[in-house]
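Below is one structure, written out as structure tokens; the observations come after it.
Just so it is clear, the model here is predicted, and its values are computed rather than measured. Protein chains get the first letters and strands the later ones, always in sequence-line order, with residue 1 at the start of each.
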There are 2 protein chains.
Amino acid sequence: MQLDNTLIALADPTRRAILERLTQGAAKVTEVAAPFPISLNAISKHIRILERAGLVQRRISGRDHMLSLNQQPLDETAAWIEQTRAFWTSRLDGLEALLKAEDALTKAKGKK
Amino acid sequence: MQLDNTLIALADPTRRAILERLTQGAAKVTEVAAPFPISLNAISKHIRILERAGLVQRRISGRDHMLSLNQQPLDETAAWIEQTRAFWTSRLDGLEALLKAEDALTKAKGKK
DNA sequence: ACAATATTCAACCAAAAGGTTTAATGTATT
DNA sequence: AATACATTAAACCTTTTGGTTGAATATTGT
């Protein structure tokens with residue numbers, strides 16, 4: 001699924017760093033890889049995973065591969081997580097309220 | 001990192017389904033596992049990963065382990081992703097605006 | 001034509017993920 | 001005490017992940 005691939009892609013610090021680099025503008029593979037202490041090949045693989053998630057796009061011109069961000073999967077994932085978060089909030093708060101109400105009821109009965 | 005563990009935990013459909021089940025209220029491991037077509041042991045492992053992320057908490061009473069949701073890591077991850085999303089939006093829109101401005105400038109020069 | 005550059009491919013490795021099955025452990029029930 | 005139940009532990013398997021090194025491919029610059 002798309003959500004899976006995006007979350008997987010985001011779940012690695014090196015890949016998040018690559019994305020952060022690309023917020024400064026499009027860059028070639030070599031340029032992206034330069035600051036990292038791992039091999040170019042390792043970065044190349046990370047980029048493939050980011051592409052699988054659709055977070056990164058590639059435009060080949062000659063021997064250079066220009067990489068750029070694509071926002072859509074991030075938007076979709078943000079929407080999913082925010083929706084889930086809101087749902088949890090309502091459920092967990094609702095449950096808390098329910099427990100308090102029951103507690104109040106129990107005390108009221110005890111008084112009688 | 002905490003963000004890593006949370007994203008990893010969320011990046012699997014079985015684990016997301018477990019979380020969804022727990023929004024209906026706390027449940028024992030067996031109860032959580034029941035609807036899934038995989039072994040109880042597999043579910044047990046998934047739960048461990050959810051616990052590592054702090055998304056699920058366990059309260060042991062006798063032989064039963066009651067599982068419940070903990071919202072905090074989800075909130076933090078939602079905050080991170082929303083922040084990132086907003087940043088991308090400003091950057092990418094800003095870049096687009098810049099390109100349009102440059103284009104307009106070029107055309108203006110051409111006219112002269 | 002030759003050398004340098006940019007990138008991937010291929011083969012390999014160790015560790016983790018996601019699953020299985022078969023114990024083992026502790027707690028209830030009868 | 002014997003049995004059933006809830007859960008994890010252990011050992012194993014296969015695939016994926018994150019990394020390596022060395023070769024292949026294609027493009028650019030001299």
Side-chain angles (χ1 to χ4, degrees), chain A residues 1-22 24-69 73 77, chain B residues 1-22 24-69 73 77:
Chain A
M1 211 210 288
Q2 193 56 20
L3 183 59
D4 290 37
N5 285 331
T6 307
L7 288 170
I8 287 168
L10 293 175
D12 180 274
T14 301
R15 287 193 290 268
R16 289 198 301 272
I18 292 174
L19 293 175
E20 203 177 350
R21 165 65 182 81
L22 289 176
Q24 298 169 219
K28 303 194 300 174
V29 174
T30 319
E31 290 167 350
V32 166
F36 293 95
I38 61 180
S39 74
L40 179 63
N41 264 344
I43 298 292
S44 183
K45 284 190 187 180
H46 279 304
I47 291 170
R48 232 190 318 121
I49 291 172
L50 290 167
E51 282 185 288
R52 183 180 68 186
L55 288 162
V56 161
Q57 280 169 340
R58 184 190 303 254
R59 207 200 79 232
I60 301 176
S61 93
R63 62 185 172 178
D64 295 342
H65 295 207
M66 285 303 282
L67 305 173
S68 58
L69 294 180
T77 301
Chain B
M1 213 210 286
Q2 192 59 19
L3 183 58
D4 289 37
N5 284 331
T6 307
L7 288 170
I8 287 168
L10 293 175
D12 179 274
T14 300
R15 287 194 289 268
R16 289 197 302 271
I18 292 174
L19 293 175
E20 204 177 348
R21 164 64 182 83
L22 289 176
Q24 299 170 217
K28 303 194 301 176
V29 174
T30 320
E31 291 167 350
V32 166
F36 293 95
I38 60 180
S39 75
L40 180 62
N41 262 343
I43 297 292
S44 183
K45 284 190 189 177
H46 279 305
I47 291 169
R48 230 184 326 118
I49 291 171
L50 290 167
E51 281 186 288
R52 183 181 66 186
L55 290 161
V56 161
Q57 278 169 340
R58 183 189 304 252
R59 207 200 77 231
I60 300 175
S61 94
R63 62 184 172 179
D64 296 342
H65 295 207
M66 286 302 284
L67 305 173
S68 59
L69 294 179
T77 301

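Each of A/Thr6, A/Ile47, A/Ile49, A/Thr77 was scored for a side chain to side chain contact (heavy atoms under 4.5 Å, CB included) with A/Leu55, with one residue passing: A/Thr6.
Rounded to whole Å, atom P of D/dT17 lies 11 Å from atom CG of A/Asp12. Atom CD1 of A/Ile8 is separated from atom P of C/dA17 by 11 Å (rounded to the nearest Å). Between B/Arg48 atom CZ and D/dA6 atom C1' the separation is 16 Å, expressed in whole Å. A/Arg52 places its CZ atom 9 Å from the P atom of D/dG18, with the value rounded to the nearest Å. Going from atom CD1 of B/Ile43 over to atom C1' of D/dA9 covers 17 Å, rounded to whole Å. The distance from atom CZ of B/Phe36 to atom C1' of C/dG19 is 15 Å, rounded to the nearest whole Å. Following rounding to the nearest Å, A/Asn5 (CG) and C/dA17 (C1') show an atom-to-atom distance of 15 Å. The separation between A/Asp4 atom CG and D/dT16 atom C1' is 14 Å, rounded to whole Å.
When all heavy atoms of A/Arg16 and A/Ala11 are compared, the pair lying nearest together is NH1-C, 3.7 Å. Closest approach of A/Leu22 and A/Leu67 over heavy atoms only: CD2-O, 3.7 Å.
Environment of CD in B/Glu20: sparse, with no more than 12 heavy atoms of neighbouring residues, nucleotides or ligands closer than 6.0 Å.
For B/His46, whose side chain is taken as the heavy atoms from C-beta onward, the closest listed nucleotide among D/dG19, C/dG18, C/dT20 is C/dG18. Side-chain proximity of B/Lys45 to the nucleotides D/dG19, D/dT17, C/dG18 is greatest for C/dG18.
For B/Asn41 and C/dG18, a side-chain-to-base donor-acceptor distance below 3.5 Å is absent, hydrogens and geometry of angles not being considered.
Each of A/Ile49 and A/Arg63 was assigned the nucleotide of DNA chain D with the nearest heavy atom; the assignment lying further toward the 5' end belongs to A/Ile49. Both B/Asp64 and A/Arg15 lie close to DNA chain D; mapped to their nearest nucleotides by heavy-atom distance, the more 5′-ward contact belongs to B/Asp64.
Residue-level contact check: A/Lys28 touches the backbone only, with heavy atoms under 4.0 Å from sugar-phosphate atoms and none from bases. Nucleic acid contact for A/Leu40: base, since at least one base atom lies under 4.0 Å from a heavy atom of the residue.
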What's the verdict on side chain to side chain contact (heavy atoms under 4.5 Å, CB included) for B/Ile18 and B/Arg21, showing C-alpha distance, side-chain angles and the deciding distance?
CA-CA 5 Å; B/Ile18 292 174; B/Arg21 164 64 182 83; 5.6 Å; no
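Residue B/Ser39 places at least one side-chain N or O closer than 4.0 Å to OP1 or OP2 of C/dT20.
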